[in-house]
There are 2 protein chains.
Amino acid sequence: MAVTSTAEQGRTFIDEGDPADHFFNITSGTARLFKSLPDGRRQITGFAGRGHFLGLAVSNSYAFSAEAIEPVQYCRFSRAKLRMMLDDFPALEKRLLDVASNELVAAQEQMLLLGRKTARERVASFLLARRLESAACVSPAVHVHLPMTRSDIADYLGLTIETVSRTLTGLKADKLIGIPHPSEIIILNHQGLTAQAGGH
Amino acid sequence: MAVTSTAEQGRTFIDEGDPADHFFNITSGTARLFKSLPDGRRQITGFAGRGHFLGLAVSNSYAFSAEAIEPVQYCRFSRAKLRMMLDDFPALEKRLLDVASNELVAAQEQMLLLGRKTARERVASFLLARRLESAACVSPAVHVHLPMTRSDIADYLGLTIETVSRTLTGLKADKLIGIPHPSEIIILNHQGLTAQAGGH
DNA sequence: CGATGAATTGAAACTTGTCAACGGCAGTGG
DNA sequence: CCACTGCCGTTGACAAGTTTCAATTCATCG
């Protein structure tokens, strides 16, 4: 029924369009969630970490793919099992509704970013969101870790690798951030970076 | 507790950022749902018609605004009342979870559109989606009604009014659609239009 | 019929994408 | 141990799609 599995880095463990037989709960690691166009263009709709639920789709096929960017451990249920659990534990249903509502709010925020923000605003927003995620405190934890590649960031922000790279370089030139390592960003001027994020 | 109200055209009946005290169920009309940036840029995250639920937010403030583009009738509940109803009718919770899941899938599709599709692909996708919505049948119901302005379409597709207009003109020039009236589109070549929508 | 706002069209500017070259780091194998 | 190889990231020059600004036409309504 409920099976615990591991997906090594790079492994696609959910395929867009496949029959949505299962429901996933990530217990460790990070995955990218994405949709693809026939010609290969890709839009990453989010990054899923510990505690995330995947496969809520009502339809009978997955609406997106999921791929491990760090080794991912997850717990997998059949849909039948999920239905049984929902019947047995009404609280779980409430929890899932909360989760879905939150994701919906996040999705709307991302639509605003993709539809109306400039490249600089997108990257600044991304860094600030990442910071919130890594350090849930309000500390001067100016250190942001990026487990994903520039390609992932680009596909998440609706930009190209080059624009992401140039924009990060530009933010560094303006002394808003530091880049000790491609996957490590230091926020030097939080207020200034917020001002570049286009409000909100 | 549950109050039925009407919002005349142009009326904003949900304000982004306001305390999320109520939950809405639209019984007739159409509303635009949108988020705004401080400088006035706007992203429409969706259009809500008959049967739509609004205000699912978990947080204590609305994540978006809602404004009537046609006179909108809705049923309004206090959050407390909603909670009571959810306790009394578990089926309602299932229903809301289904609704939220579907909206999430739609939101992800929209992210793909906003992040990775060209103007022409966006407009073609929009027309096809509208057609599905207006005529739920597979008939040659090539007639699509657009109750929203070009400005709304632009803010929904992450484009400008001018680009939307030019793109529609272009599709007409290619004999894929007809435009008897700005708010009435006729799909002349469904297959061809689908090909322009960028797959999916 | 005139007035007002929406929609269309045109020309120029700008942001971002594309193509290409280069540099750096890691893993591999001689 | 060190060259080799491949991938990732950065940088540059140029092209392209979309936006901006402006003018014109078209619908709606009093």
Side-chain angles (χ1 to χ4, degrees), chain A residues 8-10 32 37 39-44 69-70 113-127 144-174 177-185 196 198, chain B residues 8-10 32 37 39-44 69-70 113-127 144-174 177-185 196 198:
Chain A
E8 70 274 23
Q9 187 170 359
R32 54 177 163 246
L37 289 172
D39 62 5
R41 281 175 289 175
R42 187 180 69 155
Q43 178 65 40
I44 293 182
I69 63 180
E70 296 171 324
L113 180 148
L114 292 170
R116 285 300 176 225
K117 289 190 178 180
T118 65
R120 179 169 267 240
E121 289 169 338
R122 294 184 200 195
V123 173
S125 299
F126 174 70
L127 292 176
V144 178
H145 177 65
L146 305 177
M148 67 292 288
T149 66
R150 291 291 183 273
S151 179
D152 287 334
I153 298 174
D155 283 346
Y156 181 56
L157 299 180
L159 300 169
T160 59
I161 307 175
E162 293 92 332
T163 299
V164 170
S165 182
R166 273 187 259 271
T167 305
L168 285 170
T169 304
L171 292 173
K172 185 175 75 173
D174 292 348
I177 64 173
I179 313 180
H181 184 84
S183 65
E184 299 294 332
I185 304 288
Q196 298 290 314
Chain B
E8 70 274 24
Q9 184 171 0
R32 53 176 163 248
L37 289 171
D39 62 6
R41 281 175 290 175
R42 185 179 71 154
Q43 177 65 40
I44 292 182
I69 62 180
E70 296 171 324
L113 180 149
L114 293 171
R116 286 298 176 227
K117 288 190 178 180
T118 65
R120 179 168 266 239
E121 289 169 339
R122 295 183 200 196
V123 172
S125 299
F126 174 70
L127 292 176
V144 178
H145 176 64
L146 304 178
M148 67 291 287
T149 66
R150 292 288 183 273
S151 179
D152 286 334
I153 299 174
D155 283 346
Y156 181 57
L157 299 180
L159 300 169
T160 58
I161 306 174
E162 294 92 333
T163 299
V164 170
S165 181
R166 272 187 258 271
T167 306
L168 285 170
T169 303
L171 292 173
K172 184 176 75 174
D174 291 350
I177 64 173
I179 312 180
H181 184 86
S183 65
E184 298 295 333
I185 304 288
Q196 297 291 313

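Quick note on labels: first sequence line is chain A, next is B, and so on, each numbered from 1.
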Rounding to a whole Å, what distance do you find between [X]:[atom1] and [N]:[atom2]?
{"X": "A/Ile161", "N": "C/dA20", "atom1": "CD1", "atom2": "P", "result": "15 Å"}
{"X": "A/Glu184", "N": "C/dC25", "atom1": "CD", "atom2": "P", "result": "15 Å"}
{"X": "A/Gln9", "N": "D/dC7", "atom1": "CD", "atom2": "P", "result": "14 Å"}
{"X": "A/Leu157", "N": "C/dG17", "atom1": "CG", "atom2": "P", "result": "11 Å"}
{"X": "A/Asp39", "N": "C/dG17", "atom1": "CG", "atom2": "C1'", "result": "15 Å"}
{"X": "A/Asp155", "N": "D/dG9", "atom1": "CG", "atom2": "C1'", "result": "15 Å"}

Report task. Check whether any side-chain heavy atom of A/Met148 lies under 4.5 Å from a side-chain heavy atom of A/Glu70, and answer yes or no. Result -> no
Query raised in the report: Is there side-chain contact between A/Arg42 and A/Leu37, with at least one heavy-atom pair below 4.5 Å?
Result: no
Report task. Find which nucleotide of DNA chain D each of B/Glu162 and A/Thr169 is nearest to by heavy atoms, and output the residue with the more 5' nucleotide. Result -> A/Thr169
Query - 5' priority, DNA chain D, between A/Thr163 and A/Arg116 [closest heavy atom] - result: A/Thr163
Determine yes or no for a side-chain-to-main-chain donor-acceptor pair under 3.5 angstrom, with [X] supplying the side chain and [Y] the backbone.
{"X": "A/Arg32", "Y": "A/Ile44", "result": "no"}
{"X": "B/Ser165", "Y": "B/Ile161", "result": "no"}
{"X": "A/Gln43", "Y": "A/Asp155", "result": "yes"}

Identify whether any heavy atom of [X] sits under 4.0 Å from a base atom; if not, whether one sits that close to sugar-phosphate; answer base, sugar-phosphate or nothing.
{"X": "A/Thr149", "value": "sugar-phosphate"}
{"X": "B/Leu168", "value": "nothing"}
{"X": "A/Gly170", "value": "nothing"}

Query raised in the report: Of the nucleotides D/dT19, D/dT18, C/dT16, which one has an atom closest to the side chain of B/Thr160?
Result: D/dT19
**Report entry** Selected nucleotide, minimal atom distance to B/Ala119 side chain, candidates C/dA7, D/dG9, D/dT18
**Finding:** D/dT18
Query - Base of C/dT18 paired with side chain of A/Arg166 (donor-acceptor, under 3.5 Å) - result: yes
Report summary line: By nearest-nucleotide position on DNA chain C, the 5'-leaning member of A/Arg122 and A/His181 is A/Arg122
